[in-house]
Amino acid sequence: MIKEEKNYLEYLAELYPTIEKAATEIINLQSIINLPKGTEHFLSDIHGEYEAFSHVLRNGSGAVRKKIDDVFGHTLGIADKRALATLIYYPTEKLEEIKKQHQDTEDWYKVMLYRLIDICKVVSSKYTRSKVRKALPADYAYVIEELITEKPEVLDKEAYYETIIQTILEIGSAENFIIAMAELIQRMVVDHLHIIGDIFDRGREPYKIMDCLLNYHSVDVQWGNHDVLWMGAAAGQMACIANVIRICLHYGNLDVLEDGYGINMLPLATFALETYHRDPCTCFIAKGMEDEQSQEAMLERRMHKAITLIQLKLEDQLIRENPEYGMENRLLLDKIDYEHKTIEIDGAVYELRDTDFPTVDREHPNVLTEQEKEVMEKLSAAFRKSEKLQKHVDFLQKQGSLYKVYNGNLLYHGCMPMNEDGTLKTVMVDGKPYQGKALYDVLEYHVRRAFFDRDPVMREKGRNTFWFLWTAPGSPLYGRDKMTTFERYLIADKATWKETKNAYYRLIEQEATADMILEEFGLSGENVHIINGHVPVHQSAGESPVKCNGKVLIIDGGFCKAYHKETGIAGYTLIYNSYGLTLTAHEPFESTEKAIHEETDIVSRQVAVRLSQKRQLVGDTDNGRRIRQRIAELKELIEAYRTGEIKER
């Protein structure tokens, strides 16, 4: 036995000091790998739409309804199934409603407890008792375990369960048990959650989504371009801060910053009021607020203009300081002709909608005024000191990454930067060329340096990487040749607004491209997929989310309400269980209140189903391979005990 191997087995012997303990663990692990694979749930591009996100999470993209159908079949009517599903999704709220509607609730409680027990038995059957036990609420763990565990030694099972349930009713614990069992069903229906980017921006409640994810039992996040923007803002990167504030003002969501994260906008409001008090700021009206003339709306327009100009200045500085970003075509402030109120872009001259820029020095247009510097310093401090924001970003940093390879699937937001000829695009990072997987890896390395590097220069480079990922043409998260913020605000000609997508979005329709990308990340064979978010699928225009014979699945269907008319649906989600993959399209979610009171669910339909030839077990997963490796190591340990190379303790 070589020294390194013996050292490892000695370490293993500390965990399993006898042959019996090692053998028992082998038996436990062997039983786990023969269980059905746990269900994975994939969501993407949530964009602050908390209510819709929460509902899809609660119903497991239809997985709960499927379990109800599996258990009760035709023995329950449609109305009863809807009522049961609503109780599982919103147990606390539904119980409050039932108490108002019924004088005598005991019979209702009893019926629901029996139905919940039946579902709990089914959803927990694919897990070990140990895993189920860990998921149980501590106060009721023993009783719930008794109710959902088959007991062959009990001859009169009906009387046994009846006694337990009657006792629960008599001591007034029915409501608590119903809530505990409903939450257990939600917990056991989905084993692991994947978020394929873009939690933030547009919608009003991204902080509630983050709080939900913080408490979720098993989750990973692939960062989207909107996520890294907020991460950069939390790290104090000023161009990211300006972008975050501008987007909140653009969508009329300033409450996200002030109420959600406790970030004080008074410095910006005061500056904007002083600087633009006579300016109608008509180019900076928030979406959906065109007819609003209140003082608050007028103040927000002025804040919107103030932060947009600060952003353009800060971005101009970054582009000049980082020529490898390849964004010289975004240097526009020095191209403005104030006398004629025009600008020249790519050889063409365009009229500007607004040139009243009192803070812009025409000789040095990208330099912040002293007042602007002071505002940004205060805002930067507010972002860095926001306890909730820092907690959320710490979670994103620890649970997130630019991509993930998980159970044969490659998960990422955005695109793999490619050239028109189908080759991987070379992007310069820190003076060196990168492409493909290496590009993702080096960019993620720089992102993490923004939080942990002791060298302030390297930390600053890391912070600037957030902005690069947000907007640069070489970013795998953005995937366009430019972000036309300047043009969209200041030029009426919409031809200037065009942002050309990376060749990836055309080439990913070809199976050879998908195979090349999968192989780049070490995946090949039949049952491998790319699961991609970022660009909404226009179902209403006939676009399909399934590409390359099912190897590529685009799951951004548009959670965001702003996309619903454009896409024709309200989001795709994906379920991957032991039977295969199911892609589901969702209709717009109306409200939590309606879901509770009228027992309505999100209208969903299966878009694509890809069944496995045989039911997949834990042993077929990444975790299964790790378990097999541990079994092999434990067998070596037992052999070492028996030969005397290592002594039992």
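Quick note: numbers below take in every heavy atom, side chains included, and nothing from hydrogens, waters or symmetry partners. This one's a predicted model, so the numbers in the text were calculated from it and none came from an experiment.
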Revision key, fill the gap. Residue pairs passing the salt bridge (Lys or Arg N to Asp or Glu O under 4.0 Å) test with at least one member in residues 471-484, sequence neighbours excluded, are R480-E499

**Study point:** Counterpart residues, side-chain hydrogen bond (donor to acceptor under 3.5 Å, both in side chains), relative to D211 (two or more places apart)
**Key:** K388, H392

**Study point:** Y406 ring center near H192 ring center (under 6.0 Å)
**Key:** yes

Review point. Do other residues, nucleotides or ligands put more than 12 heavy atoms under 6.0 Å from the OH atom of Y216?
Key: yes

Review point. Does CD belonging to E593 count more than 12 external heavy atoms closer than 6.0 Å?
Key: no

Practice item. Please check if the distance between the ring centroids of F521 and Y440 is under 6.0 Å. Key: yes

**Study point:** Counterpart residues, side-chain hydrogen bond (donor to acceptor under 3.5 Å, both in side chains), relative to K461 (two or more places apart)
**Key:** D430

Review point. Just checking, any donor-acceptor pair under 3.5 angstrom between side chains of R448 and Q397?
Key: yes

Practice item. Please confirm whether Y489 and H304 have ring centers closer than 6.0 angstrom. Key: yes

Practice item. Measure from the ring center of Y261 to the ring center of W230 and say whether it is less than 6.0 Å. Key: yes

Check your understanding: What pairs with T496 under side-chain hydrogen bond (donor to acceptor under 3.5 Å, both in side chains), at least two apart in sequence or on another chain?
Key -> none

Revision key, fill the gap. Separation between CE (M327) and CG (N322), nearest 0.5 Å, reads 10.0 Å

Review point. Does the ring centre of H47 sit less than 6.0 Å away from the ring centre of F200?
Key: no

Exercise for review: State which residues pass side-chain hydrogen bond (donor to acceptor under 3.5 Å, both in side chains) with S386; sequence neighbours excluded, sorted by chain then number.
Suggested key: none

Point to revise | For T592, all residues meeting side-chain contact (heavy atoms from CB on, under 4.5 Å), sequence neighbours excluded | key: E51, Y90, F589, I596

Review point. Does E377 pair with K373 as a salt bridge, N-O distance under 4.0 Å?
Key: no

**Study point:** Rounded distance (nearest 0.5 Å) linking atom OG1 of T584 with atom CZ of F42
**Key:** 12.5 Å

